[in-house]
Each structure stands twice: as C-alpha cells, then as structure tokens.
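A short write-up of the structure that comes next.
Small disclaimer: the values here were computed from a predicted structure and weren't measured.
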There are 2 protein chains.
Amino acid sequence: METRELRYFVAVAQELHFGRAAQRLGIAQPPLSRAVAQLERRLGTALLTRSSRSVALTPAGEVLLAEARAALAAVEAAERRTRRAGSTDRPGLVLAVKAGASAELLAKLLDAHAAEPDAVPVDVLLVGIGEQGQVLRDGRADVALLHRPFDDLAGLDVEELGTEGQIAVLPAGHELGTRPELVLADLDGVPGLPAPRWPGPSGVTSGPGPQVRDHAQLLQLIGLGRTFAVLPDSVRGQLPEGLRAVPVADAPAVTTVIAWPPHSRSLAVAGLVRTALRL
Amino acid sequence: METRELRYFVAVAQELHFGRAAQRLGIAQPPLSRAVAQLERRLGTALLTRSSRSVALTPAGEVLLAEARAALAAVEAAERRTRRAGSTDRPGLVLAVKAGASAELLAKLLDAHAAEPDAVPVDVLLVGIGEQGQVLRDGRADVALLHRPFDDLAGLDVEELGTEGQIAVLPAGHELGTRPELVLADLDGVPGLPAPRWPGPSGVTSGPGPQVRDHAQLLQLIGLGRTFAVLPDSVRGQLPEGLRAVPVADAPAVTTVIAWPPHSRSLAVAGLVRTALRL
DNA sequence: CGGGCCGATACCTCTCGGGTATCGATCGGC
DNA sequence: GCCGATCGATACCCGAGAGGTATCGGCCCG
C-alpha cells in the first residue's frame, strides 16, 4: 500500500463524499473513485458502501481509517524528523506544551536544562489542549508536557513529574468564589455558567458551554464571566487580577508527565527527561 | 513520501550496498540509485555518503532508518488489520505469547475468556522471545503477553497482570542445583555453563553462550547440560523431568503484562484485557 | 598499470496516475 | 409520475515517471 492510496481513502472516509474529497485532494473525482476501488480490490474487502446518494464506512473501513491515520502520522514524522536532523542550523529539541499550562514547571525545566553542560537548544512549541500527543506522533515535536488523566498518552513513552490537586477558577464576584472549598457537584449545572468544552482524549468535544483551544482563551472567557474551569493548582500563579480560585475537594488529582515518541533513540531527549526528573 | 521510497531507502540502509539492495527488492540497480537520490533531493538532506567502494549512513540517514521502519510497520499493520477485519470467516483476536512462557496464566486466561458471554474466538500466536512487540506493531497480533523488564514496551498500551520472583533452572545433577537458594553472583561465570543469549529490548543479543529463540529451545539446551537460565517462578510447572529449579534471591521481579497497540479501539481487545485483569 | 567492482548517468519503454466526457441510478419537487 | 439535479462509476485519452539496458567514471587490488 502506498501512502497516496491511504491519503485518498482517509479523505473520502472523512468527507463521506467523493466529489468533496477529490476537491480537497486537488484531483478530479474519477481518479479518486478508481484509486479507492483498486485499494478495495487489493485488500479484498469493501471499505465503503456507496449508494449514489450516500457513502458510509464498512467495519473494515473503520479499521482502515484509524490505522491509516496512525500510519500517515508516522510517515509524516519520518519526513519531518529527517529534515530537522539534516538541516544543520537547528540541531535542538522541540518541546510541546499546552499554551498557558505548567508555566512554573516549564520555566524551571528550561532553566535547569540550560544549566546542563551538554545543553542542546530547546524550542518551545505552544499547542492547543490535547494536541501534544498529535504533534509528538507526527514529528512536529520531540518531547511534550502533558497531564493525566486529561491527555491521551496512548503510544507514548512517559515519565511522571508530579501530582497536584485542582482548583475551580471562577469569574470575579461569583457567589461560589467566596466559599472556602467546593465539590464537583457544586459546579454541576450552575445557572448562567456553562462548563467549557475542549478536545478530550477521545478526540471529541463534549459539554454545552463555549469551545476553547487553550488556557489563555479559557481564562479570558472566565474573566468575561462566560464560563468557569477546574484546573491544576499551579495555574494560581498566572491568574489575571480578579479571578477567584477555590480548591475542589473531590476533583481527581492531575499528574504532569513528560512524554516522547516510543522509538526515540535521541540522547538529547533522554537528557532533557533526566533533567526534568531531577526537579 | 511514498512507502515505496521508504522501502527502497531501508533496503539500501540495511545492505549498505546498492547492488544487493536492488537484488533484494527485485529491481535493477540504476532505478534504485535514482529513487534514493530523489528522496535526498526532496528531503533536502544527504542520507548516505557514497564513495564507490562503500556506502554509509549520515546522521539524518540514521534518523530516517529508525523512523521509516516504524512508519512501514504502521502501514503493514493497517493493511493486515483491515484484511482481517474484512475477511468474515475469522472475526477473532490474535494473542501473541512467548513460546513456552506464562503457560498457566495463558490457560486460565483463555478459559476465563471463553466463559464470557460475548466471547470472541482467540487465536494464539507463539513467537520468539522479544518478538511480541514487533508482531503487535505490524498488525500480526492484536494483544500480547509480555514480561517486564525483559520485553520492550515502548509504544504499547499496557496493563499489569502480576509479579513473581525468578528461579535458576539448572541441568540435572549440577552442583548449584542442590543449594536451597542462590544469588546472581553465584551464576556469574560458572565454569562450563555459559549464559544463553536472546534478543533483548535493544534488539541486539549479548552474552557468550548459545543463541536461543524461545523457552522450549532454552529448556532443551539446559536438559543437555549446555546452559542455564534465570526464569520466572511460573515455569516450574512445565519443567521437564530432572531439571533443577532454585530460587534466586536478588534477581529482579518479573511483571507479566498484557499489551495492545495504542490506537486500538477494538471492543474485543478491551474485553480480553478486562477478563485478564479479573484473574 | 590494468582489471574488476560499484554507483551514477544516458536513454528508452510502457505502465499507470490523472484528466475530460458521459452514463446510470437515485432522490426531490412540481 | 415525470423531470431535473446530484453523485458515483465507466470509457477513453494523454503524459509523467518508474523501471529496464547500456555505459561511464572513480577506486581499490593484484
């Protein structure tokens, strides 16, 4: 199987429409139809059920969609990492961090790493919530900080860096902000304060409230009184003036972890991880 | 990048010889030279240093070799898993087990799974030591039993099933077999009894003794008085007549784990894992 | 210094990926 | 119930590029 065929199939499987998929791929519809049909012939399996009015995935098609995405990410990663290994000007590491999260830990880590004798330059790549795994898997980053149980750690090698409780971050002057402590049930369905939505481990977003990409957006929306959030303790240090932080007794503990792609044989990654574990 | 290019590059990188690589790929040498040169042009990096008498990998080439292997395994996995999902006759799972290891646990697991209401048929794939990760990654198996710290768990999702001590397995009548307990140092450099070699997590094999692929081979060689082994407690149940088993006090504990490929969304895998965790 | 090994280059062929035109089926509207 | 619109499949053509053969040019060895 060639990556071209996989790209074509993924496009059709996502769009569920040959015409639109062809347009997205920048080719005409007939070659796309033929390519997918040929893929099905070679695999000996129907991947799509077509009824001239609609296209749907067969169970085998579902399997191939998931597997093809992973395989294409691996190929992309190969390309990107090789390019970076070859370009002499930047031999450093790329560290992916959720924008706005773990700021204090990140600062300490970068300082400690820079003080190492064999320090390699580190670029910080700020990504949206839940995107760290993706950038790690497709080669845009070499290491990432993520948070259990929120982020998807599947397929990554991981070391734990620390655990902390969670606090509710509320708009200035909100009645709940005056209490000394909350439980999750207090925050369930507060009138006029919907929970925000962000990309979860399963890739989908859930909840009724506003859609949010990173912590900065989230804090801004809280400042505007449009939502609230339950976040790790360590965000206290970066709360804008006026927001209220209240411990949430029964919120699950958050573990910050450092992760890297499984077959990374890079000494530079190992060095950064070692530094992180010493903090 | 197409998988064809990656396959070509991997062949050359392994053989370090364009002629032989071309032969292995079933093509002529000139197209291979051109394809690799074109890949280098597209990546903007030299991958190989060629000197008409020898071929060597550049650092970027080393990176691409590792990444390309992973990517090609992912593509193969996509193909195999889709084929199996499509062929109606065998909708079951493939469970990879080191030949001869964890026999008791395996029997219990298969029994318990068969007793489940939604039992899916399970094929057992016996593989050589250290090959479980590979067959999981390239789609030949869906689940595997492996043993920490011996097997390479990088990139796999894992649940622990149990921990046990280790025993030394010695030929009948060997003097060490009469002692009530040993320490690793006792086994270090026993005259006439070299330690066996098998594929380790790093892929290489080390040690001076005979080369071994699985437990059955290993036990046979011990029976012949040619080597010894330090193995998990649970092999006691399958020792052939005459072999001596002696606990090793300071050997690292072995944890048996059940593992599956990270993006497996399969309900069948989840069911088998749940059954295993109940044992 | 000459022969043999090996990768690169030149040049040819033909497969196959991609484009246009069109068909056939299905669904919605009148 | 018919007509038109939509959408995937089919027919047919063209050109890029993958692969083959012949050959060159550098390098080590005898």
Side-chain angles (χ1 to χ4, degrees), chain A residues 1-58 60-62 64-65 68 71-72 75 78-79 86, chain B residues 1-58 60-62 64-65 68 71-72 75 78-79 86:
Chain A
M1 276 198 309
E2 293 302 312
T3 63
R4 183 182 47 81
E5 306 179 275
L6 292 180
R7 272 189 289 266
Y8 285 8
F9 171 74
V10 169
V12 177
Q14 282 179 339
E15 299 282 346
L16 292 179
H17 189 290
F18 279 76
R20 277 195 298 277
Q23 197 170 359
R24 219 181 69 184
L25 293 166
I27 64 172
Q29 170 258 318
L32 180 57
S33 286
R34 260 184 301 142
V36 173
Q38 179 179 339
L39 184 59
E40 288 178 311
R41 225 176 307 126
R42 272 219 287 266
L43 291 173
T45 314
L47 300 170
L48 301 165
T49 54
R50 316 138 161 82
S51 73
S52 107
R53 295 307 287 181
S54 77
V55 176
L57 285 167
T58 64
E62 301 270 11
L64 184 58
L65 179 57
L72 289 175
V75 172
E79 183 160 352
Chain B
M1 273 197 314
E2 292 303 312
T3 63
R4 183 181 47 82
E5 305 179 277
L6 292 180
R7 272 188 289 264
Y8 285 8
F9 171 73
V10 169
V12 176
Q14 281 178 341
E15 299 283 347
L16 292 179
H17 188 290
F18 279 76
R20 276 195 300 276
Q23 198 170 356
R24 221 182 67 185
L25 292 166
I27 65 172
Q29 171 257 319
L32 181 57
S33 286
R34 260 184 300 139
V36 173
Q38 178 179 339
L39 183 59
E40 289 178 308
R41 226 175 307 125
R42 273 219 286 267
L43 291 173
T45 316
L47 300 170
L48 302 165
T49 55
R50 313 134 160 88
S51 75
S52 107
R53 295 308 285 180
S54 77
V55 176
L57 285 167
T58 63
E62 300 272 10
L64 184 58
L65 179 57
L72 289 174
V75 172
E79 183 159 351

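Rounded to whole angstrom, the span from the CZ atom of A:R4 across to the P atom of D:dA18 amounts to 11 Å. Rounded to an integer number of Å, the gap from CG of A:L32 to P of C:dT20 is 14 Å. D:dC7 atom C1' lies 12 Å from atom CZ of A:R50, rounded to whole Å. Atom CZ in B:F18 sits roughly 11 Å away from atom P in C:dT9 (whole-Å rounding). One atom, CG of A:L47, and another, P of D:dG8, lie 16 Å apart when rounded to the nearest Å. One can place OH of B:Y8 at 9 Å from P of D:dA18, the figure rounded to the nearest angstrom. D:dG8 atom P lies 8 Å from atom CZ of A:R20, rounded to whole Å. In this structure, B:E40 atom CD and C:dA8 atom C1' are separated by 12 Å, rounded to whole Å.
Across all strands shown, A:Q38 has heavy atoms under 4.0 Å from sugar-phosphate atoms exclusively, and none from any base. Within 4.0 Å (heavy atoms only), B:R34 reaches at least one base atom of the nucleic acid. At the heavy-atom level, B:E2 lies nowhere under 4.0 Å from the strands shown.
Using a 4.0 Å cut-off between charged side-chain N and carboxylate O, A:R7 and B:E2 make a salt bridge. Salt bridge status for B:R4 with A:E5: absent, with no side-chain N to carboxylate O gap under 4.0 Å.
Each of B:A28 and A:H17 was matched to the nucleotide of DNA chain D holding its nearest heavy atom; the match closer to the 5' end belongs to A:H17. Comparing A:A35 and A:S51, the nucleotide of DNA chain C nearest to each residue sits closer to the 5' end for A:A35.
In this structure, the nucleotide among C:dG18, D:dG20, C:dA8 sitting nearest to the side chain of B:Q29 is C:dA8. Counting only heavy atoms from C-beta on, B:P30 has its side chain closest to C:dA10 among D:dA18, C:dA10, C:dG7. If you check C:dA8, D:dA9, D:dG19 against the side chain of B:P31, the one that comes closest is D:dG19. In this structure, the nucleotide among D:dG8, C:dG19, C:dA8 sitting nearest to the side chain of A:I27 is C:dG19.
Residues A:S33 and A:Q29 have side chains that bring a donor and an acceptor to within less than 3.5 angstrom of each other.
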- Message: Could you go through B:T3 and B:Y8, starting from their C-alpha distance and side-chain angles, then the distance that decides it, and tell me whether this counts as side chain to side chain contact (heavy atoms under 4.5 Å, CB included)?
- Response: CA-CA 9 Å; B:T3 63; B:Y8 285 8; over 6 Å; no

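In this structure, A:Q23 CD and A:E15 CD are separated by 9.0 Å, a value rounded to the nearest 0.5 Å. For the atom pair CD (A:E79) and CG (B:L43), the distance works out to 6.0 Å, reported to the nearest 0.5 Å.
Summary of helix geometry: the two end axes of the helix from C:dC1-D:dG30 to C:dC30-D:dG1, each defined by five base pairs via their C1' atoms, are inclined to each other by 20° (rounded to 10°).
Residues A:R50 and A:L16 form no side-chain contact, since every pair of their non-hydrogen atoms from C-beta on lies 4.5 Å or further apart.
For the OP1/OP2 pair of C:dA8 and a distance below 4.0 Å, the side-chain nitrogens and oxygens of B:S33 include at least one atom meeting the criterion.
Atom CD of A:E62 has more than 12 neighbouring heavy atoms from other residues, nucleotides or ligands inside a 6.0 Å radius.
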